[in-house]
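What follows is a set of notes on a single structure, which appears directly below.
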Protein chains: 2
Amino acid sequence: MKKTISILNDPGFEKKDQILDVAEALFSKHGFDGVSIRSLAKQANINIAMVSYYFGSKENLYIAVIERKMVTIRQYLTEAFPNGGNAWDKLYYIIDRYVDRMVDNRSFMNIVFTEVASENREHIVDFLSKRLADNQEAFGGLIVEGIKSGHFREVDPQLAIMSIIGPLKLYVSNPFMVKKMMNENTIEGCYSSVHRDRMKAHLKDLMTRFLKP
Amino acid sequence: MKKTISILNDPGFEKKDQILDVAEALFSKHGFDGVSIRSLAKQANINIAMVSYYFGSKENLYIAVIERKMVTIRQYLTEAFPNGGNAWDKLYYIIDRYVDRMVDNRSFMNIVFTEVASENREHIVDFLSKRLADNQEAFGGLIVEGIKSGHFREVDPQLAIMSIIGPLKLYVSNPFMVKKMMNENTIEGCYSSVHRDRMKAHLKDLMTRFLKP
DNA sequence: GTCTATATATGGATAGAC
DNA sequence: GTCTATCCATATATAGAC
């Protein structure tokens, strides 16, 4: 209890998170090279020197942004499936959760996907790629299981995974395209529960038709 | 004939294209801000001053990269559909062509998608978005027609489009993920005719199951 | 912890010689 | 057309005062 309060009141903790929040948003919009510490400091309402003070360097800040979110992300994965239920139930369940996770963390997912698609910081690319691979394993294992149990027809699991992640990635990472497609004026409107549910329903429908024997 | 030879022999023409080739590759890998004119000049084997001389500025070079490719890209679109054939034939035809186009121009498509997903150069984003919208219209019109003619069931055309473009974009823009998924060691291997055909077959299969009444 | 001032590097762009 | 040398702006990072 004491510790919680002390963390919450720790001004360093607050400021660090404040910097991380702004950094995540900016890196997501403009990429690592498109963000200067100066503009970041201005928008986060902190002094330029504070970034070095708290994180040491711009790249360390970038890594800190990634690592902070990784904790949250991993919590999703380690949560157990609902007990019982066949391959279909599990697939629907994981699609729902995956959409929510991607939409809720779309700034972060933008950073991840942009970074992995680039050839800039090799060690970060490797790190992120392994994490993404874990996610895909979750889907892949599910599909292989479903094929074995006879609930799904024999498809290529890799292509099945791409068919789920692909449209979803498009949805969370291309605001302009999505605004047009969703007939929305604001970006926030695109990610309202209406469209989110529409996306979930679509992916489940798409996969149902694709996987049913 | 004379003109062709004169263009081919024009050292300016050669050098310009040489710069554009290298620029396209580098912008695709590292993004606009991740490429310096110095590194570009080194890899293109030209003097730093030549970029200014031929293009005026870095941003103009970037625009030139985009405009050069737009000519090629548009040629694909203006080519007519094969005569006759129902909605299914047209869909399969356009999927084949779209995969080829995206794979052949994947460096360029990376630039386009990265740019559109970012919030950096508004006028370029607007320009590219409109071009992308044209592409999507080609798909969209096809699907609406197919629904009207009764060949396709009543689906949301927008979501259908996302289901084609999404996986394809993942395929062409995430080398690392694709290497793993395609079980290939080299990036070139991922885009061999084997995998390309596999992608075409998959998208056609996916859409067939999704669209059939 | 916070700020100012500054060291140092890098990048885009160009003037001017050839 | 091509190159060198240089200007100028901007960037990261830090030293040192408070």
Side-chain angles (χ1 to χ4, degrees), chain A residues 5-66 111 115 118-121 123-124, chain B residues 5-66 111 115 118-121 123-124:
Chain A
I5 288 173
S6 100
I7 286 175
L8 287 174
N9 287 347
D10 178 3
F13 178 79
E14 252 181 41
K15 191 148 290 184
K16 259 184 121 162
D17 247 33
Q18 184 185 346
I19 296 172
L20 286 168
D21 286 340
V22 176
E24 185 180 308
L26 289 180
F27 284 140
S28 163
K29 283 182 194 162
H30 310 294
F32 181 79
D33 296 305
V35 177
S36 70
I37 293 185
R38 276 177 167 72
S39 65
L40 181 106
K42 202 179 227 170
Q43 295 198 47
N45 248 328
I46 49 124
N47 187 276
I48 322 168
M50 288 300 95
V51 171
S52 287
Y53 178 76
Y54 283 116
F55 300 97
S57 70
K58 184 183 172 184
E59 184 158 322
N60 280 352
L61 167 62
Y62 189 65
I63 292 171
V65 167
I66 292 170
I111 295 176
E115 192 62 35
S118 85
E119 301 183 16
N120 288 328
R121 285 154 289 276
H123 57 291
I124 299 184
Chain B
I5 288 174
S6 99
I7 286 174
L8 287 175
N9 287 348
D10 178 2
F13 179 79
E14 252 181 42
K15 192 147 291 182
K16 259 184 121 162
D17 247 33
Q18 185 184 345
I19 296 172
L20 286 168
D21 286 340
V22 175
E24 184 181 309
L26 288 181
F27 285 141
S28 163
K29 283 181 195 164
H30 310 294
F32 181 79
D33 296 305
V35 177
S36 71
I37 292 186
R38 280 175 167 76
S39 66
L40 181 106
K42 204 180 226 171
Q43 295 199 46
N45 247 329
I46 50 122
N47 187 277
I48 322 168
M50 290 299 95
V51 171
S52 289
Y53 177 75
Y54 282 117
F55 301 96
S57 70
K58 184 184 174 184
E59 184 158 322
N60 280 351
L61 166 62
Y62 189 66
I63 292 172
V65 167
I66 291 170
I111 295 176
E115 191 62 35
S118 86
E119 301 183 16
N120 288 328
R121 287 154 288 276
H123 57 292
I124 301 183

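A note on names: the letters A, B, ... follow the listed sequences, proteins ahead of strands, and every chain is numbered from 1.
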Checklist entry - When every nucleotide of nucleotides 4-18 of chain C is labelled 5' to 3' by its protein contacts under 4.0 Å (heavy atoms), B for base, S for sugar-phosphate only, - for none, what sequence of letters results? => result B------BBSB----
Checklist outcome for this item: In whole angstroms, the gap separating C1' of D:dT2 from CG of B:Asn45 amounts to 14 Å
Next on the checklist: Do A:Val35 and A:Tyr62 make a side-chain contact, defined as non-hydrogen atoms from C-beta onward lying under 4.5 Å apart?
Outcome noted: no
Item to check | Interatomic spacing from CG in A:Asp21 to CG in A:Leu26 - rounded to 0.5 Å | outcome: 11.0 Å
Item to check | Length of the line joining B:Lys15:NZ and D:dG1:P, which is rounded to integer Å | outcome: 10 Å
Checklist entry - Side chain of B:Lys58, backbone of B:Phe32: donor and acceptor closer than 3.5 Å? => result yes
Item to check | Residues that B:Phe55 engages under ring-ring contact (aromatic ring centres under 6.0 Å, His included), provided they are two or more places apart | outcome: none
Next on the checklist: Keeping A:Ser52 on the side-chain end and A:Ala49 on the backbone end, is there a donor-acceptor pair under 3.5 Å?
Outcome noted: no
Checklist entry - Can you tell if the side chain of B:Gln18 reaches within under 4.5 Å of the side chain of B:Asn45, non-hydrogen atoms only? => result yes
Checklist entry - Which whole-number value in Å describes the distance from A:Glu14 CD to C:dT2 C1'? => result 16 Å
Checklist outcome for this item: note: A:Asn60, atom CG; D:dT14, atom P; distance rounded to Å ~ 10 Å
